[in-house]
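Counting starts at 1 for both ligands and their atoms, in listed order. Bear in mind that the values here come from a model prediction, so they are computed numbers and not experimental data. Just so it is clear, the values below take in all heavy atoms, side chains as well, and ignore hydrogens, waters and symmetry mates.
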Amino acid sequence: MHELEWDSEHQAIFNWLEHPDRHSSGLICARAGTGKTTTLVAAYKQLRSQGHNPLVLTFSNSGRDTFIKRCRSHYPELPPPQAYTFDGYALRVFAQYSGRSRLRPRRQRPDVLANLIDLAMNESIDILNDSLSEDEIRIARDSQSLAMLHQFIDDAKVSLSFNTPPFALWGELDEEEDEYDVDHALMRLGLSRQRYRLFKRFENARERLEFLAPGDAAFDLLREPEIIAKDLKQLGIRWVLVDEFHDTKPVHEQILRHIQAAGVRMLAVGDDAQDIYEWRGLTTFSAFKAWEAQSAPFGLSRSFRFGRPLDQIATRLIKPLGSLIEVRSKASHYTRPKLRKVTMEADTSAILEDWQATGRSLSECAILVREADASKPIEDALFKAGISYRMEGSRPYFLRQAALLCQAISYLASSKPVVHDSSDVDAFLALIQSPAWEISEEQIANFHKELISTDHENKPLYRLDWLPDAYAILKGLIPAPMAHLAFVRIKEEKIPLPQRLEELLDQLNLKPLVALSAPTARAAKARLQLLKTLIAELGKIGPDALCKDWLKRRQRYQQFNKQRVVLISVQQAKGREWAHVILPQLSDWTLRDGADSANERRHFYVAITRAREYLSILGNEQSIQHSPWLGEIGIK
Ligand SMILES: Nc1ncnc2c1ncn2[C@@H]1O[C@H](COP(=O)(O)OP(=O)(O)OP(=O)(O)O)[C@@H](O)[C@H]1O
């Protein structure tokens, strides 16, 4: 671990911690790599030496882990910090004071949230009714309409996401360009344009509200604010340190207000250009704005992570967001981004081989993808080139839900279930969650218990011997006509396998299962696309060959190898850094001005600022042409 340098900006923060003025909170708003987390860790050390026991709150699990790791590496002598995500903190408080220690499943929303969502729906109904002409039928404001609306949103979300590939991005529908496709899609759904707009409005309202309570625990804590004060008093907490402040949502902000009301001071760090959660509808909320007036302002102006010219490029990139703070780095440091024109955008093997040839380790490199569910082409290219990789923040594609469903279908279609490894258990459990079976939550939980137990270290133990019975039970659960369709049909040779599989997808209701488990509409679309690709692959090479191929991939993936390149989504890469960052698949980015361009700028800013020494961007002729920002910001 290198020596840390402190300058006058840091000193101002440390002085304030020692002699806080009238402000009960301090805010550090600074750009990527300027040492926000590192400074917060140093603040933790200082407060400990002043006899305090600060509470550390973050937005994500990876944020919390990074804080703890940095603390351990810079100040090994200190006891581990009490660091939690907001949800984790809420759970701890509940466990301590009301005996509740588990998150309620998201599907069972707390009453308050469900009421809020219905309230927003009702408001949307009013807006729609007001905009209708005299002769159009108005929607009633009753529970039946609400239930219908929820169903309508879910159906339309799935249907639009899957059936209309021309929609490049959910929520980024270019009505002018896609005129024909929109009409076609709407016709299929039986919707008028006005209803489509209504749908978008409802969808937005619902997503925004759901996002206010991303985990039910933090939301529930707001209903019992007195236990926050009780907890802080019991632990003797006088300071709270907040990392990733730009990700703070209204529900978290309210928790911080309660913490403040209990007489606790706060130091928060964040970068308002890294707020990449706009897609959840939170366009108007900025934690910085909410706290600016009452807090002592601090800044950190130089990036310790990267150097020229990446700092200037990053500044040009975020300038249109209206922020005045520039990205600057130390003059001695050099980080040059390189745009590589390739024919295969997903193939990173040549770059990685060059990197290894210079004697550097693969583990110093990261491949960043725009959406985790779009990683398959990159994984395929790495597998083909025999390069080891580690997917961080999610599973490799052949272990994700869509692949597990395909795997289960393959086994169901064969006369004898083939037991390979533990992924078969996951495949079975993924499939029984389809609404087609009508298996109750309790039955699913029982299957789960039957198939997976835990050892003394809480590690999962898979019962493979039970699996053939599990598939037999599943076959038994299928209503007779469906059994015929599903399993007789799949073996029926007259109809081509791809067509039989397509039908099976519908009969087993798998598209909604995949789409509705995704956290966002954009992720739903990527997941459905993955399912579609895998089903096409299954149709082409057949169940046996596919299962064998995936088994090989699983075995290779599980072989322990320290020298592995990291494959990670931009969201998961926040707060992290690597010597060499590779952004393949330029076509997955929408680097031009349009409906959602501010959000895309923020994502791209987060992605490029993860690099310490090298940044490589892979694009083909077409995607480079479609990305005018690259030239504008100076990436060549
Ligand atoms: N005071 C310092 N002296 C030397 N190196 C530092 C200092 N502060 C940070 N660094 C180094 O700079 C890099 C970035 O630091 P850090 O992750 O804390 O920045 P950040 O502002 O939190 O980044 P991000 O916005 O991307 O989360 C790390 O490698 C860290 O070790």
Side-chain angles (χ1 to χ4, degrees), residues 1-14 17 27-46 56-76 81 83 241-248 267-277 287-288 298-307 310-311 314-315 317-318 321 323 325-335 364 366 368 393 568-581 602-615:
M1 190 47 62
H2 57 273
E3 277 288 300
L4 297 176
E5 306 161 22
W6 305 121
D7 60 21
S8 56
E9 288 179 325
H10 298 105
Q11 282 313 332
I13 298 164
F14 301 147
L17 288 173
L27 285 189
I28 308 175
C29 182
R31 295 293 170 232
T34 48
K36 295 182 293 298
T37 303
T38 310
T39 307
L40 206 64
V41 167
Y44 174 77
K45 155 131 192 331
Q46 177 171 332
V56 181
L57 292 178
T58 62
F59 173 73
S60 64
N61 285 323
S62 66
R64 182 207 50 208
D65 295 347
T66 305
F67 188 93
I68 294 173
K69 264 192 224 148
R70 293 263 177 99
C71 228
R72 201 182 302 141
S73 60
H74 287 302
Y75 307 111
L241 303 176
V242 185
D243 201 357
E244 306 174 320
F245 194 58
H246 45 264
D247 287 329
T248 299
L267 177 66
V269 303
D271 173 358
D272 55 2
Q274 287 190 50
D275 173 4
I276 57 171
Y277 290 87
F288 281 103
F298 297 106
L300 297 169
S301 50
R302 281 175 316 147
S303 169
F304 286 94
R305 176 178 300 144
F306 50 81
L310 187 59
D311 55 353
T315 298
L317 178 66
I318 58 171
L321 300 176
S323 181
I325 310 174
E326 292 193 350
V327 188
R328 270 187 274 151
S329 63
K330 293 204 292 187
S332 56
H333 198 136
Y334 194 70
T335 312
E364 292 182 273
L368 264 58
I568 190 167
S569 71
V570 181
Q571 289 91 338
Q572 293 288 338
K574 268 178 125 186
R576 308 273 306 273
E577 63 184 26
W578 293 270
H580 190 167
V581 166
R602 292 195 172 97
H603 273 83
F604 199 57
Y605 166 67
V606 170
I608 64 174
T609 55
R610 302 303 99 201
R612 276 201 307 263
E613 299 169 42
Y614 299 93
L615 171 71

Backbone or side-chain N or O of G33 under 3.5 Å from ligand 1 N or O: yes

Closest to atom 29 (O) of ligand 1 (judged by heavy-atom distance), picking from R302, R305, E577, Q274: E577

For R576, is at least one N or O under 3.5 Å away from an N or O on ligand 1? no

Provide the closest heavy-atom pair for I13 versus L267 in the form atom of the first, atom of the second, distance. CG2-CD2, 4.1 Å

Cut-off 3.5 Å, side chains only: do T37 and D243 have a donor facing an acceptor? yes

Atoms of ligand 1 less than 4.0 Å from E3 heavy atoms? 4 (C)

Please confirm whether K574 comes under 4.0 Å of ligand 1, counting heavy atoms of the residue only. no

Indicate whether any N or O donor in one side chain lies under 3.5 Å from an N or O acceptor in the other, for S303 and R31. no

Taking side-chain hydrogen bond (donor to acceptor under 3.5 Å, both in side chains) as the definition, give me every residue that meets it alongside E364, ordered by chain and number, with sequence neighbours left out. R360

Salt bridge (Lys or Arg N to Asp or Glu O under 4.0 Å) between R610 and E577, worked out: CA-CA 4 Å; R610 302 303 99 201; E577 63 184 26; over 6 Å; no

Heavy atoms only: which of F304, W6, F306 lies closest to atom 6 (C) of ligand 1? F304

Indicate whether the side chain of S60 and that of E244 have a donor and an acceptor atom separated by less than 3.5 Å. yes

What do you reckon, does D271 put a non-hydrogen atom under 4.0 Å from ligand 1? no

Please name all residues satisfying salt bridge (charged side-chain N to carboxylate O under 4.0 Å, His left out) with R302, sequence neighbours left out, ordered by chain then number. D7

Among A32, G575, G35, which one has a heavy atom closest to atom 19 (O) of ligand 1? G35

So, 4.0 Å and heavy atoms of R610: is ligand 1 close enough to count as a contact? yes

Is R70 in contact with ligand 1, taking contact as a heavy-atom separation below 4.0 Å? yes

Please compare H74, K36, H246 and report which has the shortest non-hydrogen distance to atom 20 (P) of ligand 1. K36

